[in-house]
Amino acid sequence: MHFMEIKALDEQYVLQTYGRNPVAIDHGKGATLWDTEGKEYVDFTSGIGVCSLGYANEQWAKAIYDQAMKVGHISNLFYTEPYVRLAAKLVPAAGMSGVFFGNSGAEANEGMIKLARKYSFDKYGQGRATVITLKNSFHGRTITTLKATGQDHFHEYFFPFTEGFRYADANDMDSLLSAAGDDVCAVMMELIQGEGGVNPLQKDYVQAVAKLCAERDWLLLIDEVQTGVGRTGSLFAYQQFGVEPDVVTFAKGIAGGLPFGGFMANGKCRNVLGAGTHGSTFGGNPMAAAAANVVLDTMTPAFLQEVREKGEYLRRGIEALGSPYVSGVRGMGLMLGVGVQGMKHTELKDKLMAEGLLTLTAGSDTLRLLPPLVISREEMDRGLAIMKKVMA
């Protein structure tokens, strides 16, 4: 189908909840995509951080095919091999004790919040259920995770929202202490605020929050939906911050393109959720778990080192452009934010796309870059050349 045919069907039959770019993607290879009209693009988006192994990865596709020909779904009323193999690799690598598998980041964060509140209820009874989150954060689009999100413009339309959240300024312990109280059960945060503008938290702040949580028996909840599974150059970002979360969520890149997510708990939280307290029909789906095994097997120390090196290469390349439209570059690994000045970040994104480079936006003035982790130097160079041309 041609682009206009696809667009017409979308407008006729699909709820218009997305501001889609005027491009219909047809296929890809590595970190390069082609649209239905044959135009080529370097991809700095990876499906918003999902396609960690890029496109047309044969090992990933074979694992899905092989599992599909055995059983595509059977539910959690039965055991299957792919999810237990995944758990046996993921949990020790993360330094955690147990894992729950679901489908998405929002679902994972919902489950993490439920676990935190039940932990507190089991130990202290009612009245200790408030979760402190950070201003400028983003945790999902369900009713509860919208309320957990520390951005006012998300708190519209869908009233009444779930109660039990207060917000503190990032990197400000005084603000966090002001939000504290006897009703608090947990602190929940992203180590790099992705949707909020690709803003990394300060390491000493994160460690101070972890210390405070330990002192007050609050759970330390880390949302690694976007930062996890190699994106920042370690399996999880918290491994570079010197903290050990009580619960950590993951999604996006874990299955390389299939819907998959979940959360892991440490030893003291492992048994909080027992049989019947939480569930997910598609959680641990055999095909998605088979794909996730391929992704996780790829995350070797050497591969993660390459992610860090690629991130630094891309950062230096953008800084070397010397463009008056770039106010700075921040982030970790292959999760980078480019501060934009002198034009709207959405305008810059559109100009880059017209020249063959796909990027994302975040916050009010940031170009967000989340390339496939397998992106080549040649593909990065092509992307940088497009940036140089557009921002000359």
Side-chain angles (χ1 to χ4, degrees), residues 49 90-97 99 105 108-109 112 116 131-139 148 150 167-177 179 186-254 262-269 299 301 303-305 307-312 315 329-337 362 368 370 373:
L90 180 62
V91 170
M96 302 299 280
S97 180
V99 62
N109 285 336
M112 180 163 67
V131 177
I132 299 174
T133 68
L134 301 184
K135 295 176 183 177
N136 210 41
S137 62
F138 181 84
H139 297 294
Y167 314 104
D169 294 323
N171 299 316
D172 187 336
M173 283 302 296
D174 289 337
S175 178
L176 182 65
L177 290 169
V187 177
M188 178 177 176
M189 57 188 180
E190 307 158 279
L191 298 179
I192 304 176
Q193 295 182 328
E195 296 283 345
V198 194
N199 301 307
L201 298 186
Q202 296 169 4
K203 186 174 182 178
D204 58 351
Y205 170 77
V206 173
Q207 293 179 346
V209 173
K211 183 174 183 292
L212 181 66
C213 286
E215 291 170 351
R216 301 197 179 188
D217 199 22
W218 299 345
L219 294 191
L220 177 62
L221 312 179
I222 304 294
D223 175 351
E224 294 238 24
V225 168
Q226 191 166 155
T227 55
V229 197
R231 174 56 55 185
T232 65
S234 54
L235 187 60
F236 288 95
Y238 68 79
Q239 294 169 320
Q240 298 183 58
F241 281 77
V243 297
E244 297 180 359
D246 293 300
V247 191
V248 59
T249 55
F250 57 89
K252 287 192 181 291
I254 182 67
F263 57 87
M264 289 181 284
N266 67 3
K268 81 174 183 180
C269 295
M299 300 293 147
F303 181 87
L304 295 171
Q305 175 64 28
V307 171
R308 295 192 293 272
E309 291 172 356
K310 289 175 184 178
E312 186 60 26
R315 178 201 296 266
V329 187
R330 56 189 178 271
M332 296 169 59
L334 283 171
M335 181 176 181
L336 297 176
R368 181 170 39 150
L370 301 171
L373 303 184

- Over 12 non-hydrogen atoms of neighbours within 6.0 angstrom of NZ in K211: no
- Side-chain heavy-atom pair L370, R231 within 4.5 angstrom cut-off: yes
- Where is the tightest heavy-atom contact between A179 and Y167, given as atom of each residue plus distance? CB-O, 4.1 Å
- Query: Going by heavy atoms in the side chains, are F303 and L373 under 4.5 Å from each other?
  - Reply: yes
- Do F138 and Q193 touch side chain to side chain, with heavy atoms closer than 4.5 Å? no
- Message: Is it the case that atom CD in E244 sees more than 12 heavy atoms from other parts of the structure closer than 6.0 Å?
- Response: no
- Close side-chain approach of M112 to V248, heavy-atom, < 4.5 Å: no
- Non-hydrogen side-chain atoms of E224 and T232 separated by less than 4.5 Å: no
- Gap between atom CD1 of I132 and atom OG of S175 - 0.5 Å precision: 9.0 Å
- Rounded distance [0.5 Å steps], CZ in F241 versus CD in Q207: 9.5 Å
- Message: Measuring from atom CG of N109 to atom NE2 of H139, what distance do you get when rounded to the nearest 0.5 angstrom?
- Response: 6.5 Å
- Should M299 and V307 count as side-chain neighbours, where that means a heavy-atom distance under 4.5 Å? no
- Item | Between Q240 and R308, a side-chain donor and acceptor under 3.5 Å | no
- Query: What's the spacing between E312 CD and L336 CG if we round to 0.5 Å?
  - Reply: 9.0 Å
- Item | Any F236 side-chain heavy atom under 4.5 Å of M96 side chain | no
- Query: Can you tell if the side chain of L90 reaches within under 4.5 Å of the side chain of F250, non-hydrogen atoms only?
  - Reply: yes
- Message: How close do L212 and L176 get, counting heavy atoms only, and between which atoms?
- Response: CD2-CD2, 3.9 Å
